[in-house]
Structures are given as structure tokens and as C-alpha cells.
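Every chain is numbered from 1, with letters handed out A, B, ... down the list of sequences.
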Amino acid sequence: MAKSDSSAEKPAEARSHFIREMIEAGVRDEKHGGRVVTRFPPEPNGYLHIGHASSINLNFGMAAAFPGGICNLRFDDTNPDAEDVEYVDGIQEDIRWLGFDWGDRCYFASDYFQQLFDFAILLIEKGLAFVDSSSLKEIRKLRGNFYEPGTNSPYRERSIEENLDLFRRMRAGKLEDGAQVLRAKIDMQSPDLNLRDPILYRIRRVHHHRTGDEWPIYPMYDFAHGLSDAIEGVTHSLCSLEFEDHRPLYDWILRACEIESPPEQTEFARLNLNYTVLSKRKLLQLVDKGHVSGWDDPRMPTLRGIRRRGYPPQAILQFCDEVGITKRDSVVDVGLLEHFVRDALNFGAPRAMGVLRPLKVVIENFPEDQVEELDAPFHPNDPSFGSRKLPLSRVVYVERDDFMEEPVKKWFRLAPGREVRLRYACLITCVDVIQDPNSGEVVELRCTWDPESLGGAPADGRKVRGTLHWVSADHSVPAEVRLYNRLFKDENPSAGDGDFLDSLNPDSLEVLSGCRVEPSLANAQSGDCFQLERMGYFCVDPDSERSGTLVLNRTVGLRDTWAKEAKQAAPGTGAAC
RNA sequence: UCCCCGGUCGUCUAACGGCAGGACAGCAGGCUCUGAACCUGUCAAUGGAGGUUCGAAUCCUCCCCGGGGAUCCA
């Protein structure tokens, strides 16, 4: 039984990592009452990308790994300047596409604004927070720097009553943006700058996408995040490495607010990919400046981009599991992602034939009006996919790249005098080459076929090395095919002092318009995925509906050891697509 | 010059004081009606110096290298 032995069949038992072990130990020791509650906390200021998939997989995965575990979706919407409902809808769509479900627990930090405000009052009453009327510039100056300690604000010793009054006036909306802020009273000498009387609340009189104009003040991340976790009963607050320095503040706030069973913050390294940028700011720039067609451009590392490209969610999850969770910064090779995409598609995608750059072939001894219907399986390793009929007629198209007038060594495709197999059809021999008299370009091949080889092997059992994909000229349907290359030329587009946009690959998109695909694809629906044999995995782009012709995205090419070998033999000639 | 974190094959990752293992990539074969998939084999690593120990990737000290940290961002 040689069914394709893909890892897609056996969902690898979840690999362990330090966070899983930590949670396991905690559950064993009845820490947090033995509960596991995580949350995925996106800020709705951009679309999710492959890096977020790792965090989503972690948070939802850990919840699922323990009995009774749950994972909330919580929008961290405390900065109305950058945020938008467009993103809250898109983010939910993307997480669902990955296969995760938060039940009815879709929360918003903005839902907690009143509770957060009350906690701030508590802090003031306890003498742990004060209103600072210094200007932004003064606050910055007094904070000190890496090497110099900070200095106490002149407003630090205001009375509790005065602070209460001032803070309530902030809330009442009577003050200008920036007039004053609420600060925690911690330690201006601390080597951890986050502890130098961090700002808890600021005045920002702008419209919020959920709370409208109700709040003229907004809580800062450090204040809002831990308390939101606490309000939701989160036990494990998993975040990325850059918040490590914030953990003492996270703990301070929960302690100061007298949270009885405080959540625990643990940091892990974010996912990085070479030849890719994963920063919302940079992705936004690509979209805004028109370097890509949108957040869902198939070259984008966004979840909607790779979804449109045809990456199966299963492949992304397996990729995340394989990469794992650690505390060390790393840059994963995009090749690993592509490996899991191929792996999932090899297992799950039906096969078809399509010619990207057609070269006309006339089979001279094939009767003019004859059409042979050949049976071809949809999957070579899995009969459950069934089969379809392929029409063979006198004129067919083969791939232009499969013919070489002067074949290099080890070439076993078509060339003058050479015999090859048309996949699932018959053997043909090239007997003549027709060129354009002016350009010299090969425009047509004249071949003969061996009728006895119909359906497979020749009668005499002779071996033929090359097998080509093909379509019948009259029966095939037209298609536009979009080939994608990496968006950036450099492994690390953000390295150096230059603009990352300078690293953009001008050849990241190649549109082929005269393609021909087999008739079974005529009714393919947007989103359908299949392999065009020998050419790669493809999916139907939604543009097909608009344009009325089939538009195919190449999801990923097949491994191509011949291209590699040919490239080594003739450096500089290698076709890189 | 300060604080925090991290350094294991090319890349990612395991090891919880006891044989440095896996995946991807690479290379060499095999099989094949996809130069795919699949199968077999193979290359390849503990940043450095000391110390503790019968035994150190793992514990300790120092050094080196990398990342993060001074938004009224998250």
C-alpha cells in the first residue's frame, strides 16, 4: 500500500516547548486553580500575518491541550488613532480560516474602560498614582535615559484629593489633549525604564471605533493589558519578547490593584521569515504605496494573502508546530513553509494538466477527426480521488520549455528525432520543427505517434524517459496564470540603513495570458486547488469571476531537481520562476 | 557607559547532570507514465576560557557575540 505517506495524514502529536511544560507543571501543582485560560490579543490596526499564526496556534493550542482550557479573542483597542472596525472583522475571519474558535468570547479592551477607570481611582486612593501636569517634553526629560536615573516629577506629591479631582476632570473631557496624564508612582531611579512612574492614562479626545466619543481619556497598554487579562480570568498571558521588560510593571499593576489570582505573563520569540517583512507598519506601506494590490495580494505574508495564494491552513499550522516556541530570536527559511504547503497539497490536491506557455504540436499520422478519450486518475497515489476523461486529438499543446532544438546532455524531453510520452496518452516522436521564417522562433512541432502505445506502454516494451503534460488544442480552455516569486530580493529586507522598499523584487509577479488548461477545469470555482502536473500547485483566483476567464495563482512550484541540475550545468541560464 | 533576554548542524529545533537526536535544505543512490511524491544512504553543531563533578550543551565565574529596552504606541 503505497498511499502517499504525507505527514498531513498524521497530525504529529504536538511538540512540546517551554510554555507547554510550564503550563503542565502549573496544572499539576494546581496553580491558577488548575485552570488554563489564554487569550489572543490583536490590536485592530492591521491585518494578521503568518507571524500572528504562530501566536494564535500557541494560545488556542494551549487552551485545547488542557481539559477545560479556553482561549479568548480580545481586541486590544486602547489606541483609537490607529484602529478601525475594518480590521476587527478581517481578523476574526482570518482566525476562523485557520480553524480556531473562541465561542462567544470575543472581547474588547474598550468594553472594560469603566472598570479600568475604577482601578485607576483605586490606585490614586492608595497613593500609588498621581496626575502629572508636566508637558510631554518635561516628562521625557525627567525620565532620564539608559545611563542616567530619572527625576521625580514636581507634581508627584500632590494630595490624593487633588489627584482624584484632576483625574475626574480629565475624564470629564474638559482638558486639552496632553494637558496632563495619570502616572503610577513607582521608582524614577529604576534601571528598568518601564518602572519610572509609567503613564497610565492620557487625554485623547478622538472618536473610538466602538465607544464613540464616550471617553476622552484612554488607558495605556501596560495598564489596560494586565487588568483586561485579570477581568477575563486569564491565567497565562503569552506575549512576545519585547514585553519582557514590562513584566515587572505587569505584576506591579496587578498587585497594586489587589487582583487576588493574578495572571502570569510569559514571553516567547516572534516568528521571523527570511525574504519577508512582518511588521504591520511595513505591510501597510506596501499596500498604501501600491507595491502590492492589497492586503490580500498573494505575495503578501498576511493570512488573507497566503489564503488567496492557496496555502492550506493545515500547512501553516504544521509549519508553526515544526518551528516551535522558544525564547531565542530566529529567522526561519521560507522554504520550510513551502515544504509544508507542498506536503499538504501533495496529499490533498487533485491533479490536472495545463500548459503555461503553449507550443503547438501536430501529430501527423493521427486521423483528422479522431478524438481518443483517455482515462486519467485525479491522484496518482490515491484512487479515492477518482478519474476523468482526457480528450486526445490531432493537435495538442505542450510546454514550450519541454522542447529543445539542440538538447543539452541528460535532456530527455522533446527534441528533433526524440520520442517522449504524453502523460496518460501515447508516445510521440518529433519529426520536424517549424520556425517562423523571420524570427527563427519555433512555432510548431510535427510529430508522429505510436497508436499501440495508447493508454501507456508501447507494444515492444521500449523505455521512454520523458513524460510531458499536454492538452488537446480544440478541447482545452484558456486561462491566465499568475506566477509569484518572493516579494523581496534580500534575505533580510530590513537590514542595513536603506529603505526596505529598495529590496523589492521587480519580478515578484509574472502574468501569463495565453495558457491552456484541460477541459475538466472549465468549471473550477474560486478557491479550488489542484496540481497542474509538472508545473506546481495552483488555485483559482477570485478575479476569475470578475474577468470571466479562469485566473490561476501558482501557490508553489514543485521541487525541480532538473532545473537545479540544468542551472549548475549552465550557470546564468537557469529559469527562475 | 545602564537594564533585560538569548547563543546547539547552513536554517529551525530536541536534550532537564549520563550515547548531541529530529525536521528542512544539501549531496549520493533507488523507484517512477509528474526530473514530483516515495524509499535508502550521507554531510553537518554545543561561541570562548576557566571551575564544580566519576561524568557538563545542561550547574558556577569571567569574556565574546546577537536581540530588545528611553511613544501621552502596542
Closest listed nucleotide, where the reference is the side chain of [X] and the choices are [options]:
X        : options             : value
A/Glu244 : B/C24, B/C72, B/C4  : B/C4
A/Tyr147 : B/C2, B/A36, B/C12  : B/C2
A/Lys564 : B/A74, B/G26, B/A70 : B/G26
A/Arg413 : B/C24, B/C12, B/G35 : B/G35
A/Thr326 : B/G35, B/C38, B/A14 : B/A14
A/Asp245 : B/G35, B/G69, B/A74 : B/G69

Problem set entry | pair A/Arg183-A/Tyr155: side-chain heavy atoms closer than 4.5 Å | no
Looking across every strand, which nucleic acid part, if any, lies under 4.0 Å from [X] by heavy atom: base, sugar-phosphate, or nothing?
X        : answer
A/Glu267 : nothing
A/Tyr201 : nothing
A/Asn145 : base

Exercise. Could you state the CZ-P distance from A/Phe378 to B/C33, rounded to the nearest angstrom?
Worked result: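 Spelled out: CZ on A/Phe378 to P on B/C33 is 21 Å.
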For this session: Starting from C1' on B/C24, measure out to CG on A/Asp321 and report it in whole angstrom.
Result: 15 Å
Do [X] and [Y] get their side chains close enough for a donor-acceptor pair, meaning under 3.5 Å?
X        : Y        : value
A/Asp222 : A/Asn194 : no
A/Tyr275 : A/Asn492 : no
A/Arg39  : A/Ser237 : yes
A/Asn72  : A/Glu232 : yes

Compare side-chain N and O positions of [X] against OP1 and OP2 of [N] and report whether any pair is under 4.0 Å apart.
X        : N     : result
A/Arg143 : B/U71 : no
A/Thr78  : B/A74 : yes
A/Ser330 : B/U11 : no
A/Gln318 : B/C12 : no
A/Arg328 : B/A14 : yes
A/Arg140 : B/C72 : yes

Separation of the [atom1] atoms in [N] and [M], to the nearest angstrom:
N     : M     : atom1 : value
B/C9  : B/A44 : C1'   : 5 Å
B/A15 : B/A56 : C1'   : 12 Å
B/U61 : B/C4  : P     : 13 Å
B/U32 : B/G48 : P     : 48 Å
B/U8  : B/G22 : C1'   : 13 Å
B/A28 : B/C19 : C1'   : 27 Å
B/C24 : B/C63 : P     : 41 Å
B/A14 : B/G47 : P     : 15 Å

Donor-acceptor pair under 3.5 Å, [X] side chain vs [N] base:
X        : N     : value
A/Glu322 : B/U13 : no
A/Arg559 : B/G35 : no
A/His246 : B/A74 : yes
A/Glu21  : B/C16 : yes
A/Arg351 : B/U34 : yes

Please determine, for [N], whether a Watson-Crick or G-U wobble partner exists with both distances under 3.5 Å, and give it or none.
N     : answer
B/C54 : B/G18
B/C72 : none
B/G6  : B/C65
B/C31 : none

For this session: Can you measure from CG (A/Asp251) to NE2 (A/His246) and round to the nearest 0.5 angstrom?
Result: 13.0 Å
Exercise. So, do A/Trp562 and B/G35 meet the stacking rule of ring centres under 5.5 Å and planes under 30°?
Worked result: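 Here the ring of A/Trp562 and the base of B/G35 are stacked, with centres under 5.5 Å and planes under 30°.
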